[in-house]
2 protein chains.
Amino acid sequence: MFSQAEENYLKAIYHLESDSKEGISTNAIAKSLATKASSVSDMIKKLSDKEVVLYKKYKGVTLTELGEKTATNIVRKHRLWEVFLVEKLNFSWDEVHDVAEQLEHIKSQKLINQLDALLGFPTHDPHGDPIPDKDGFVNAIDKSLLSTLNVDEAGVCVGVNDSSSDFLQFLDKKGITLGKRIKVTEKEDFDDSLSILIDDKKLSISNKIANNLYIKKS
Amino acid sequence: MFSQAEENYLKAIYHLESDSKEGISTNAIAKSLATKASSVSDMIKKLSDKEVVLYKKYKGVTLTELGEKTATNIVRKHRLWEVFLVEKLNFSWDEVHDVAEQLEHIKSQKLINQLDALLGFPTHDPHGDPIPDKDGFVNAIDKSLLSTLNVDEAGVCVGVNDSSSDFLQFLDKKGITLGKRIKVTEKEDFDDSLSILIDDKKLSISNKIANNLYIKKS
DNA sequence: AATAAATTTTAGACTTGTCTAAAAAACATT
DNA sequence: AATGTTTTTTAGACAAGTCTAAAATTTATT
Ligand SMILES: [Mn+2]
Ligand SMILES: [Mn+2]
Ligand SMILES: [Mn+2]
Ligand SMILES: [Mn+2]
């Protein structure tokens, strides 16, 4: 059994591993958990003793198989709860994160499996992220950042790279939601901003936005 | 904001106050939380500093208005989650307690109000205990322990005094569930055991059982 | 290769919540 | 009222998790 703090570290390492390939640095973990590098060093030793991470001093950490399984399960819980909040309790996609951050630590296998069933075994959370199944299998779909599309390419909006309230509310305001079809009509070399077509309306999109929106090309 | 430990103490004191009238003793709290009297003494000081309990050394403790409001809200959350687990996730009444014990500490006002709505604003939890409303109002119904009924008196089973798995499973086995009509047909002076009629079947009930079943006379 | 800069680890301290053992106070009994 | 018993509080210790400051190590730059 892992403490809430330990679970949060495992989850952070899991997410960092998914976009880096190398051993995860103490500093990267500290940044992602808004804590200090010294605290991370301490915790890493405990996690290493518990055999959920591999650790060599100064060399960063990687999850063991057990660590990855544990982290995947926390992510599964987080995302299922997010679906629950949106589908059953009328939360909007920008309100769910902090609550799911708490709910993901509730310990009950039956609870999470029944919740999964209640929700109809969803495959993706409200932000388009895949929900690992009971056995930890993740069905990642093939998606591209909007910023990588060329002029005249198009696709469906399937996810966000940044789940902050600010960004999500901005998308709401612009009418950009998951499932919407987006076509790139112009690309500005100067600042990498885009002109896109959505709902037959023309929108101007900064590079920062385009770097945080996932599109499934079609 | 209160820590999980603080919330558990407040809830324990709240429940102890509901059947005692006097200041709650350190020992009583220790027993109900399965901890040591010295730990309770320590925590009581912290709660007193936070003005949720009134405390005079050696004289026991009582909740302040703020303490009672806080405790009531935790109880509300606990019981709403229990209803959720039974109604939406197919838990049985003897499985919900430990999970609700965790869920009651999740912090989100919106979550609990929306959950209340999803469940149709239930007034009682799966064990027959009343659910405080948003403003902390508790609608206690008038109920009596089965052991206090006289021969030939009857009523409907509306609650349990002991929510342990063992007791609830025993009731299931005997076919005793909330809503069932029970009539006392005999009372044994020797051991205070009862003969009751339920679903037109005759059952023998020990005093210990009769002391943990609530009946609404009718 | 030597030095400077950045990263990581260690040392020591603090908070929360718990425990055991001992002291103090309250309660019971003669 | 004095004595013994029970309850409650205090004192001191410990584990988890965090922090700051300093030391060790690695990485970058001349
Ligand atoms: Mn978390
Ligand atoms: Mn999400
Ligand atoms: Mn609890
Ligand atoms: Mn209950």
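Lettering follows sequence order; numbering is per chain, from 1.
- Of all nucleotides listed (D:dG17, C:dG17, D:dC19), D:dC19 comes nearest to the side chain of A:Lys36.
- Distance CD1 (B:Ile24) to P (D:dT8): 11 Å, rounded to an integer number of Å.
- In the set C:dG17, C:dT7, D:dT10, C:dG17 carries the atom at the smallest distance from any side-chain atom of B:Lys46.
- Side-chain proximity of A:Asp42 to the nucleotides D:dT8, C:dG17, C:dT10 is greatest for C:dT10.
- A salt bridge is absent between B:Lys187 and B:Glu153; no separation between the charged side-chain nitrogens and carboxylate oxygens falls under 4.0 Å.
- Contact annotation: B:Lys45 side-chain N/O to D:dT9 OP1/OP2 distance is not under 4.0 Å.
- For the pair A:Lys59 and A:Glu6, both in contact range of DNA chain D, the more 5′-proximal nearest nucleotide belongs to A:Glu6.
- Taking B:Asp172 as the reference, B:Trp93, B:Asp94, B:Thr177 meet the side chain to side chain contact (heavy atoms under 4.5 Å, CB included) condition, with sequence neighbours excluded.
- Counting any heavy atom pair closer than 4.0 Å across all strands shown, A:Ala5 reaches sugar-phosphate atoms only and no base atom.
- Within the 4.0 Å cut-off from OP1 or OP2 of D:dT8, not a single side-chain nitrogen or oxygen of B:Tyr55 is found.
- If you check D:dT26, D:dT10, D:dG17 against the side chain of A:Tyr58, the one that comes closest is D:dT26.
- Remark: C1' of C:dT18 and CD of B:Gln4 are 15 Å apart, rounded to the nearest angstrom.
- A:Tyr9 has its OH atom 11 Å from the C1' atom of D:dA16, to the nearest Å.
- The closest side-chain donor-acceptor pair between B:Ser164 and B:Asp162 falls under 3.5 angstrom.
- For the pair A:Leu33 CG and D:dG17 P, the interatomic distance rounds to 13 Å; values are reported in whole Å.
- The interatomic distance linking A:Met43 (CE) with D:dA16 (C1') rounds to 8 Å, in whole Å.
- D:dT7 atom C1' lies 13 Å from atom CD1 of B:Ile29, rounded to whole Å.
- Between A:Asn27 and C:dT8 there is a side-chain N or O to OP1 or OP2 distance below 4.0 Å.
- Atom CD of A:Glu22 and atom P of C:dT7 are 15 Å apart (whole Å).
- Residue contacts for B:Ser39: at a heavy-atom cut-off of 4.0 Å it reaches a base atom on one of the strands shown.
- Only one option out of A:Asn8, A:Val75, A:Asn73 pairs with A:Glu104 in a side-chain contact (heavy atoms from CB on, under 4.5 Å); it is A:Asn8.
- Side-chain proximity of B:Lys57 to D:dC19, D:dT9, C:dT9: nearest is D:dT9.
- Under 4.0 angstrom from either OP1 or OP2 of C:dG17 there lies at least one side-chain N or O belonging to B:Ser3.
- With a 6.0 Å cutoff to the six-membered ring centre and a 45° limit on the axis angle, A:Lys110 counts as a cation-pi contact of B:Phe91.
- Rounded to an integer number of Å, the gap from CD1 of B:Ile44 to C1' of C:dT18 is 15 Å.
- Aromatic rings from B:Phe84 and A:Phe84 are positioned such that their centres are separated by under 6.0 Å.
- Residue-to-nucleotide contacts include no donor-acceptor pair under 3.5 Å from the side chain of B:Ser38 to the base of C:dT18.
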